[in-house]
Amino acid sequence: MTRKQAWNIITLFCIMIFGFTIATLIKPPTARSETENRDLAQMPEISARTVLNGEFEADYEKYLTDQFVARDGWIGLKTAVERAMLRSESKDIYFAEDGYLIEKHTGSFTSDTAALNVRVLGQFAEMYQDQFGAGHMTFMVVPNAVDILRDKLPAYASPYDEEQYLAQVKETLPEGMWFDTAALLKEHSGEDIYYRTDHHWKTLAAFYVYQSWAQQQGYYVPSPEDFEIETVTDSFEGTIQSKLGIDTKKDSIELYHSKEDIFYTVQKNDGGETEYSIYDYTALDTKSKYNIFFGGNHALVRIGTRQNTGRRALVIKDSYAHCFVPFMLKEFDEIDVLDIRYYNQKLSDLIAQGEYTDLLFLYNASGFAEDTSISRLTY
(Lines give C-alpha, C1' and ligand atoms only; values in the text may rest on other atoms or scores of the structure.)
Protein backbone atom coordinates (compact mmCIF):
# COMPACT_ATOMS: atom_id res chain seq x y z
CA MET A 1 0.00 0.00 0.00
CA THR A 2 1.38 3.41 -0.95
CA ARG A 3 1.56 6.32 1.46
CA LYS A 4 -1.11 8.12 -0.59
CA GLN A 5 -3.48 5.15 -0.32
CA ALA A 6 -2.87 4.95 3.41
CA TRP A 7 -3.67 8.65 3.85
CA ASN A 8 -6.83 8.23 1.74
CA ILE A 9 -8.04 5.46 4.04
CA ILE A 10 -7.24 7.52 7.14
CA THR A 11 -9.02 10.54 5.68
CA LEU A 12 -12.09 8.48 4.78
CA PHE A 13 -12.14 6.95 8.26
CA CYS A 14 -11.96 10.40 9.89
CA ILE A 15 -14.71 11.73 7.65
CA MET A 16 -16.97 8.82 8.63
CA ILE A 17 -16.28 9.12 12.35
CA PHE A 18 -16.41 12.90 12.67
CA GLY A 19 -19.02 13.32 9.95
CA PHE A 20 -21.54 11.07 11.68
CA THR A 21 -20.78 12.69 15.03
CA ILE A 22 -21.30 16.20 13.66
CA ALA A 23 -24.46 15.12 11.84
CA THR A 24 -25.78 13.64 15.08
CA LEU A 25 -25.06 16.87 16.98
CA ILE A 26 -26.62 19.25 14.47
CA LYS A 27 -29.75 17.27 13.65
CA PRO A 28 -32.83 18.15 15.76
CA PRO A 29 -33.21 15.55 18.53
CA THR A 30 -36.02 13.04 18.06
CA ALA A 31 -38.38 12.78 21.02
CA ARG A 32 -39.68 9.27 20.44
CA SER A 33 -38.85 6.20 18.39
CA GLU A 34 -42.01 4.76 16.89
CA THR A 35 -39.97 1.79 15.71
CA GLU A 36 -38.85 0.92 19.24
CA ASN A 37 -42.01 2.25 20.91
CA ARG A 38 -40.10 4.27 23.52
CA ASP A 39 -38.98 7.79 24.38
CA LEU A 40 -35.43 8.62 23.35
CA ALA A 41 -32.78 10.23 25.56
CA GLN A 42 -32.54 14.00 25.22
CA MET A 43 -29.58 16.35 25.61
CA PRO A 44 -28.85 16.48 29.36
CA GLU A 45 -28.46 19.77 31.20
CA ILE A 46 -24.87 20.55 32.09
CA SER A 47 -23.85 21.81 35.52
CA ALA A 48 -20.82 21.62 37.75
CA ARG A 49 -22.55 19.03 39.93
CA THR A 50 -23.54 16.67 37.06
CA VAL A 51 -20.10 16.93 35.46
CA LEU A 52 -18.23 16.25 38.69
CA ASN A 53 -20.37 13.27 39.74
CA GLY A 54 -20.31 11.73 36.26
CA GLU A 55 -24.07 12.06 35.69
CA PHE A 56 -23.69 14.34 32.68
CA GLU A 57 -21.19 12.04 30.95
CA ALA A 58 -23.45 8.99 31.43
CA ASP A 59 -26.57 10.81 30.21
CA TYR A 60 -24.67 12.33 27.28
CA GLU A 61 -23.52 8.89 26.18
CA LYS A 62 -27.16 7.71 26.25
CA TYR A 63 -28.12 10.81 24.23
CA LEU A 64 -25.55 10.09 21.52
CA THR A 65 -26.59 6.45 21.36
CA ASP A 66 -30.29 7.27 21.00
CA GLN A 67 -29.90 10.23 18.66
CA PHE A 68 -27.20 8.82 16.34
CA VAL A 69 -28.03 9.72 12.76
CA ALA A 70 -29.72 6.91 10.77
CA ARG A 71 -29.85 4.85 13.97
CA ASP A 72 -32.65 2.50 12.86
CA GLY A 73 -30.76 1.60 9.70
CA TRP A 74 -27.57 0.78 11.60
CA ILE A 75 -29.50 -1.43 14.05
CA GLY A 76 -31.01 -3.39 11.16
CA LEU A 77 -27.64 -3.68 9.39
CA LYS A 78 -25.95 -5.03 12.54
CA THR A 79 -28.64 -7.67 12.98
CA ALA A 80 -28.51 -8.65 9.30
CA VAL A 81 -24.74 -9.18 9.54
CA GLU A 82 -25.17 -11.34 12.65
CA ARG A 83 -27.77 -13.49 10.91
CA ALA A 84 -25.54 -13.84 7.86
CA MET A 85 -22.86 -15.16 10.22
CA LEU A 86 -25.39 -17.83 11.32
CA ARG A 87 -25.59 -16.53 14.85
CA SER A 88 -28.54 -17.94 16.79
CA GLU A 89 -29.18 -14.82 18.85
CA SER A 90 -28.71 -11.06 19.04
CA LYS A 91 -29.40 -8.54 21.80
CA ASP A 92 -30.58 -11.32 24.13
CA ILE A 93 -33.08 -12.48 21.50
CA TYR A 94 -33.14 -15.93 19.90
CA PHE A 95 -33.66 -16.37 16.16
CA ALA A 96 -36.11 -19.24 16.62
CA GLU A 97 -37.96 -21.53 14.22
CA ASP A 98 -40.95 -20.43 12.11
CA GLY A 99 -39.85 -16.80 12.16
CA TYR A 100 -40.16 -16.38 15.93
CA LEU A 101 -38.00 -13.80 17.71
CA ILE A 102 -37.93 -14.97 21.32
CA GLU A 103 -36.44 -12.98 24.19
CA LYS A 104 -34.08 -14.84 26.53
CA HIS A 105 -34.67 -12.60 29.58
CA THR A 106 -31.12 -13.25 30.78
CA GLY A 107 -30.80 -12.34 34.46
CA SER A 108 -34.44 -11.27 34.85
CA PHE A 109 -35.33 -14.09 37.25
CA THR A 110 -32.18 -14.13 39.38
CA SER A 111 -31.96 -10.44 40.27
CA ASP A 112 -32.56 -8.86 43.68
CA THR A 113 -35.70 -7.20 42.28
CA ALA A 114 -37.08 -10.56 41.16
CA ALA A 115 -36.52 -12.07 44.62
CA LEU A 116 -38.05 -9.04 46.36
CA ASN A 117 -41.13 -9.18 44.15
CA VAL A 118 -41.80 -12.80 45.13
CA ARG A 119 -41.71 -11.88 48.83
CA VAL A 120 -43.91 -8.81 48.38
CA LEU A 121 -46.50 -10.75 46.40
CA GLY A 122 -46.74 -13.34 49.16
CA GLN A 123 -47.17 -10.59 51.77
CA PHE A 124 -49.84 -8.91 49.66
CA ALA A 125 -51.81 -12.17 49.29
CA GLU A 126 -51.69 -12.78 53.05
CA MET A 127 -52.80 -9.19 53.77
CA TYR A 128 -56.07 -9.60 51.87
CA GLN A 129 -56.90 -13.29 51.96
CA ASP A 130 -59.39 -12.86 54.82
CA GLN A 131 -61.07 -9.90 53.12
CA PHE A 132 -61.66 -11.68 49.81
CA GLY A 133 -62.00 -15.23 51.05
CA ALA A 134 -61.26 -18.59 49.47
CA GLY A 135 -61.64 -18.72 45.72
CA HIS A 136 -61.83 -14.97 45.24
CA MET A 137 -58.12 -14.13 44.90
CA THR A 138 -56.30 -15.46 41.82
CA PHE A 139 -52.67 -14.96 40.86
CA MET A 140 -51.63 -15.59 37.26
CA VAL A 141 -47.98 -14.98 36.33
CA VAL A 142 -47.96 -16.04 32.69
CA PRO A 143 -44.82 -17.66 31.25
CA ASN A 144 -43.09 -15.95 28.35
CA ALA A 145 -42.59 -17.55 24.96
CA VAL A 146 -39.07 -18.69 25.88
CA ASP A 147 -40.55 -21.08 28.45
CA ILE A 148 -43.52 -22.39 26.45
CA LEU A 149 -42.14 -22.52 22.90
CA ARG A 150 -38.99 -24.49 23.76
CA ASP A 151 -39.31 -26.68 20.68
CA LYS A 152 -38.69 -23.61 18.52
CA LEU A 153 -35.52 -22.47 20.31
CA PRO A 154 -32.03 -22.95 18.87
CA ALA A 155 -29.92 -25.84 20.05
CA TYR A 156 -28.28 -25.36 23.46
CA ALA A 157 -30.81 -22.74 24.57
CA SER A 158 -31.50 -23.03 28.30
CA PRO A 159 -34.75 -21.31 29.32
CA TYR A 160 -35.00 -22.88 32.76
CA ASP A 161 -34.60 -19.88 35.08
CA GLU A 162 -38.18 -18.83 34.35
CA GLU A 163 -39.71 -22.19 35.25
CA GLN A 164 -37.84 -22.27 38.56
CA TYR A 165 -38.86 -18.69 39.29
CA LEU A 166 -42.55 -19.38 38.74
CA ALA A 167 -42.27 -22.31 41.15
CA GLN A 168 -40.98 -19.85 43.78
CA VAL A 169 -43.93 -17.52 43.14
CA LYS A 170 -46.39 -20.39 43.55
CA GLU A 171 -44.72 -21.53 46.77
CA THR A 172 -44.95 -18.11 48.42
CA LEU A 173 -48.72 -17.78 47.87
CA PRO A 174 -51.40 -19.16 50.22
CA GLU A 175 -53.02 -22.41 49.16
CA GLY A 176 -55.52 -22.17 46.31
CA MET A 177 -54.53 -18.74 44.98
CA TRP A 178 -52.05 -19.77 42.25
CA PHE A 179 -53.48 -20.45 38.79
CA ASP A 180 -51.12 -22.59 36.69
CA THR A 181 -51.13 -20.96 33.25
CA ALA A 182 -47.89 -22.73 32.27
CA ALA A 183 -49.36 -26.24 32.21
CA LEU A 184 -52.32 -25.06 30.15
CA LEU A 185 -50.26 -23.12 27.63
CA LYS A 186 -47.86 -26.02 27.15
CA GLU A 187 -50.84 -28.10 26.01
CA HIS A 188 -51.35 -25.57 23.21
CA SER A 189 -47.69 -24.85 22.42
CA GLY A 190 -48.15 -26.03 18.84
CA GLU A 191 -50.74 -23.33 18.20
CA ASP A 192 -50.36 -19.64 17.46
CA ILE A 193 -50.43 -18.45 21.09
CA TYR A 194 -47.52 -15.95 21.13
CA TYR A 195 -46.64 -13.19 18.69
CA ARG A 196 -43.59 -13.82 16.54
CA THR A 197 -42.35 -10.25 16.78
CA ASP A 198 -43.70 -9.06 20.13
CA HIS A 199 -43.40 -10.01 23.80
CA HIS A 200 -47.14 -10.48 24.43
CA TRP A 201 -49.27 -13.61 24.29
CA LYS A 202 -51.99 -13.66 21.66
CA THR A 203 -55.72 -13.40 22.30
CA LEU A 204 -56.06 -17.13 21.60
CA ALA A 205 -53.79 -17.91 24.56
CA ALA A 206 -55.77 -15.56 26.82
CA PHE A 207 -58.97 -17.28 25.67
CA TYR A 208 -57.66 -20.72 26.62
CA VAL A 209 -56.62 -19.47 30.06
CA TYR A 210 -59.94 -17.69 30.60
CA GLN A 211 -61.86 -20.86 29.71
CA SER A 212 -59.99 -22.84 32.34
CA TRP A 213 -60.22 -20.10 34.96
CA ALA A 214 -63.96 -19.63 34.35
CA GLN A 215 -64.51 -23.34 34.88
CA GLN A 216 -62.55 -23.22 38.14
CA GLN A 217 -64.54 -20.20 39.35
CA GLY A 218 -67.91 -21.65 38.40
CA TYR A 219 -68.56 -19.05 35.68
CA TYR A 220 -69.99 -19.68 32.25
CA VAL A 221 -67.30 -21.41 30.17
CA PRO A 222 -67.31 -19.89 26.68
CA SER A 223 -66.55 -21.72 23.46
CA PRO A 224 -65.13 -20.23 20.24
CA GLU A 225 -68.64 -20.31 18.80
CA ASP A 226 -69.66 -17.65 21.34
CA PHE A 227 -67.52 -15.08 19.53
CA GLU A 228 -67.09 -13.30 16.26
CA ILE A 229 -63.32 -13.41 15.79
CA GLU A 230 -62.04 -10.34 13.94
CA THR A 231 -58.54 -10.15 12.49
CA VAL A 232 -57.88 -6.43 12.69
CA THR A 233 -54.38 -6.50 11.16
CA ASP A 234 -51.92 -8.93 9.64
CA SER A 235 -49.01 -6.48 9.54
CA PHE A 236 -48.10 -6.14 13.22
CA GLU A 237 -44.41 -5.81 14.08
CA GLY A 238 -43.90 -5.68 17.81
CA THR A 239 -41.34 -4.61 20.37
CA ILE A 240 -38.91 -7.49 19.80
CA GLN A 241 -38.70 -6.83 16.07
CA SER A 242 -38.06 -3.17 16.88
CA LYS A 243 -34.98 -4.06 18.94
CA LEU A 244 -33.47 -5.86 15.95
CA GLY A 245 -34.67 -3.63 13.11
CA ILE A 246 -35.03 -6.49 10.61
CA ASP A 247 -37.76 -7.63 8.26
CA THR A 248 -39.44 -10.83 9.37
CA LYS A 249 -42.80 -12.54 9.22
CA LYS A 250 -45.47 -10.14 10.46
CA ASP A 251 -48.13 -10.94 13.04
CA SER A 252 -51.90 -10.75 13.06
CA ILE A 253 -54.00 -9.43 15.94
CA GLU A 254 -57.39 -10.97 16.69
CA LEU A 255 -60.29 -9.58 18.72
CA TYR A 256 -62.96 -11.84 20.20
CA HIS A 257 -66.34 -10.08 20.05
CA SER A 258 -69.04 -11.73 22.15
CA LYS A 259 -72.16 -12.62 20.15
CA GLU A 260 -74.14 -11.85 23.30
CA ASP A 261 -74.97 -8.16 23.53
CA ILE A 262 -73.10 -6.99 26.65
CA PHE A 263 -73.48 -3.29 27.40
CA TYR A 264 -70.50 -1.69 29.11
CA THR A 265 -68.85 1.69 29.65
CA VAL A 266 -65.18 2.54 30.05
CA GLN A 267 -63.56 5.34 32.04
CA LYS A 268 -59.79 5.72 31.95
CA ASN A 269 -57.69 7.14 34.78
CA ASP A 270 -60.57 7.29 37.28
CA GLY A 271 -63.08 9.83 36.04
CA GLY A 272 -62.09 10.38 32.44
CA GLU A 273 -64.50 10.74 29.55
CA THR A 274 -66.94 7.84 29.23
CA GLU A 275 -66.22 5.52 26.32
CA TYR A 276 -68.18 2.57 24.99
CA SER A 277 -65.47 0.28 23.70
CA ILE A 278 -62.39 -1.40 25.10
CA TYR A 279 -60.80 -1.19 21.66
CA ASP A 280 -58.99 1.79 20.15
CA TYR A 281 -58.89 1.15 16.41
CA THR A 282 -56.77 4.25 15.79
CA ALA A 283 -53.81 2.29 17.20
CA LEU A 284 -53.83 0.18 14.03
CA ASP A 285 -52.47 3.21 12.17
CA THR A 286 -49.39 3.31 14.41
CA LYS A 287 -46.38 1.12 15.09
CA SER A 288 -47.88 0.14 18.47
CA LYS A 289 -50.80 -1.84 17.10
CA TYR A 290 -51.17 -3.87 20.31
CA ASN A 291 -52.51 -0.66 21.84
CA ILE A 292 -55.82 -1.45 20.18
CA PHE A 293 -56.53 -2.98 23.60
CA PHE A 294 -57.52 -0.05 25.86
CA GLY A 295 -55.37 2.37 23.86
CA GLY A 296 -52.33 1.23 25.83
CA ASN A 297 -51.48 1.42 29.53
CA HIS A 298 -53.43 3.55 31.98
CA ALA A 299 -53.20 3.92 35.74
CA LEU A 300 -56.81 2.90 36.34
CA VAL A 301 -59.55 1.86 33.94
CA ARG A 302 -63.11 1.42 35.25
CA ILE A 303 -65.43 -0.81 33.26
CA GLY A 304 -69.11 -0.88 34.22
CA THR A 305 -71.67 -3.39 32.92
CA ARG A 306 -75.36 -4.16 33.47
CA GLN A 307 -74.86 -7.86 34.13
CA ASN A 308 -76.28 -7.77 37.69
CA THR A 309 -74.04 -10.55 38.96
CA GLY A 310 -73.23 -8.89 42.27
CA ARG A 311 -69.53 -9.29 41.56
CA ARG A 312 -66.94 -6.48 41.36
CA ALA A 313 -63.38 -7.30 40.33
CA LEU A 314 -60.06 -5.54 40.80
CA VAL A 315 -57.48 -6.60 38.21
CA ILE A 316 -53.88 -5.68 39.06
CA LYS A 317 -51.96 -6.15 35.85
CA ASP A 318 -49.43 -5.43 33.18
CA SER A 319 -50.35 -5.32 29.49
CA TYR A 320 -50.74 -9.13 29.25
CA ALA A 321 -54.16 -8.59 30.85
CA HIS A 322 -55.36 -6.31 28.06
CA CYS A 323 -56.60 -9.14 25.84
CA PHE A 324 -57.83 -11.18 28.84
CA VAL A 325 -60.13 -8.63 30.50
CA PRO A 326 -62.67 -8.51 27.61
CA PHE A 327 -63.59 -12.14 28.38
CA MET A 328 -64.53 -11.09 31.94
CA LEU A 329 -67.31 -8.69 30.96
CA LYS A 330 -70.05 -11.31 31.19
CA GLU A 331 -69.30 -12.16 34.82
CA PHE A 332 -68.87 -8.82 36.62
CA ASP A 333 -70.85 -5.66 37.23
CA GLU A 334 -67.66 -3.64 37.50
CA ILE A 335 -64.04 -4.35 36.62
CA ASP A 336 -61.35 -1.95 37.81
CA VAL A 337 -58.12 -2.51 35.86
CA LEU A 338 -55.13 -1.16 37.79
CA ASP A 339 -51.57 -0.68 36.58
CA ILE A 340 -49.47 -0.22 39.71
CA ARG A 341 -46.64 1.23 37.62
CA TYR A 342 -48.67 4.36 36.90
CA TYR A 343 -50.99 4.53 39.92
CA ASN A 344 -49.86 7.23 42.34
CA GLN A 345 -52.31 6.67 45.18
CA LYS A 346 -52.33 4.08 47.96
CA LEU A 347 -53.56 0.71 46.79
CA SER A 348 -54.88 -0.07 50.27
CA ASP A 349 -57.23 2.93 50.04
CA LEU A 350 -58.55 1.78 46.67
CA ILE A 351 -59.23 -1.73 47.98
CA ALA A 352 -60.88 -0.37 51.13
CA GLN A 353 -63.23 1.83 49.10
CA GLY A 354 -63.85 -0.40 46.09
CA GLU A 355 -66.28 -2.96 47.59
CA TYR A 356 -64.57 -5.62 45.48
CA THR A 357 -65.67 -9.23 45.68
CA ASP A 358 -62.77 -10.62 43.61
CA LEU A 359 -59.14 -9.82 42.90
CA LEU A 360 -57.12 -11.02 39.92
CA PHE A 361 -53.37 -10.44 39.65
CA LEU A 362 -52.20 -10.96 36.06
CA TYR A 363 -48.65 -10.30 34.87
CA ASN A 364 -46.22 -11.86 32.44
CA ALA A 365 -43.27 -13.56 34.13
CA SER A 366 -40.41 -11.30 33.06
CA GLY A 367 -42.55 -8.19 33.49
CA PHE A 368 -43.32 -9.21 37.07
CA ALA A 369 -39.71 -10.13 37.87
CA GLU A 370 -38.39 -6.79 36.54
CA ASP A 371 -41.11 -4.44 37.83
CA THR A 372 -39.72 -2.12 40.51
CA SER A 373 -43.27 -0.98 41.36
CA ILE A 374 -44.36 -4.32 42.88
CA SER A 375 -43.17 -3.16 46.30
CA ARG A 376 -46.08 -0.69 46.29
CA LEU A 377 -48.63 -3.53 46.50
CA THR A 378 -48.43 -3.57 50.29
CA TYR A 379 -48.81 0.21 50.78
Who passes salt bridge (Lys or Arg N to Asp or Glu O under 4.0 Å) against Arg119, sequence neighbours left out?
none
Check whether the ring centres of Tyr363 and Tyr320 lie less than 6.0 Å apart, and answer yes or no.
no
Please say whether more than 12 non-hydrogen atoms of neighbouring residues, nucleotides or ligands are located less than 6.0 Å from NZ in Lys170.
no
Who pairs with Arg49 by side chain to side chain contact (heavy atoms under 4.5 Å, CB included), at least two apart in sequence or on another chain?
Ser47, Asn53, Glu55
Using a cut-off of 6.0 Å, state whether more than 12 heavy atoms not belonging to Gln215 lie near its atom CD.
no
Are His200 and Tyr195 an aromatic pair by the rule of ring centers under 6.0 Å?
no
Throw together a table of side-chain donor-acceptor distances under 3.5 angstrom for residues 329-338, partners on residues two or more places apart or in other chains.
| unit_1 | atom_1 | unit_2 | atom_2 | d |
| --- | --- | --- | --- | --- |
| Lys330 | NZ | Glu260 | OE1 | 2.6 |
| Glu331 | OE1 | Arg311 | NH2 | 2.6 |
| Glu331 | OE2 | Tyr220 | N | 3.1 |
| Asp333 | OD1 | Asn308 | N | 2.8 |
| Asp333 | OD1 | Thr309 | N | 2.7 |
| Asp333 | OD1 | Thr309 | OG1 | 3.2 |
| Asp333 | OD2 | Thr309 | N | 3.4 |
| Asp333 | OD2 | Gly310 | N | 2.8 |
| Glu334 | OE1 | Arg312 | NH1 | 3.4 |
| Glu334 | OE2 | Arg312 | NH2 | 3.2 |
| Asp336 | OD1 | Arg302 | NE | 3.2 |
| Asp336 | OD2 | Arg302 | NE | 2.9 |
| Asp336 | OD2 | Arg302 | NH2 | 3.2 |
| Asp336 | OD2 | Tyr356 | OH | 2.5 |

Report the C-alpha distance between Lys249 and Gln241 in whole Å, list the side-chain angles of each, state the deciding distance to 0.1 Å, and finish with yes or no for side-chain hydrogen bond (donor to acceptor under 3.5 Å, both in side chains).
CA-CA 10 Å; Lys249 185 174 182 179; Gln241 183 274 339; over 6 Å; no
From Ile240 atom CD1 to Thr197 atom OG1, the distance as rounded to the nearest 0.5 Å
7.0 Å
What pairs with Lys202 under salt bridge (Lys or Arg N to Asp or Glu O under 4.0 Å), at least two apart in sequence or on another chain?
Asp192, Glu254
Quick one: side chain to side chain contact (heavy atoms under 4.5 Å, CB included) partners of Thr378, sequence neighbours excluded?
Val120, Gln123, Phe124, Met127
Applying ring pair (Phe, Tyr, Trp, His ring centres under 6.0 Å), which residue pairs with at least one partner in residues 237-258 are found, sequence neighbours left out?
Phe207-Tyr256, Phe227-Tyr256, Tyr256-Phe327, His257-Tyr279
Residues at least two apart in sequence or cross-chain that pass side-chain hydrogen bond (donor to acceptor under 3.5 Å, both in side chains) with Glu370, listed by chain then number, are Ser108
Once salt bridge (Lys or Arg N to Asp or Glu O under 4.0 Å) is applied, do any residues pair with Asp151, and if so which ones, sequence neighbours excluded?
none
Under the salt bridge (Lys or Arg N to Asp or Glu O under 4.0 Å) rule, collect the residues that match up with Asp147, sequence neighbours excluded.
Arg150
Shortest non-hydrogen separation from Ala321 to Lys317 and the atoms involved:
CB-CB, 3.4 Å
Is atom CG of Asp98 surrounded by more than 12 heavy atoms (other residues, nucleotides or ligands) closer than 6.0 Å?
yes
Once ring pair (Phe, Tyr, Trp, His ring centres under 6.0 Å) is applied, what residue pairs with a partner in residues 98-122 remain, sequence neighbours excluded?
Phe109-Tyr165
Who are the side chain to side chain contact (heavy atoms under 4.5 Å, CB included) partners of Lys346, not counting sequence neighbours?
Ser348, Asp349
Results of side chain to side chain contact (heavy atoms under 4.5 Å, CB included) for Ser235 - residues two or more places apart only
Thr233, Lys250, Lys289
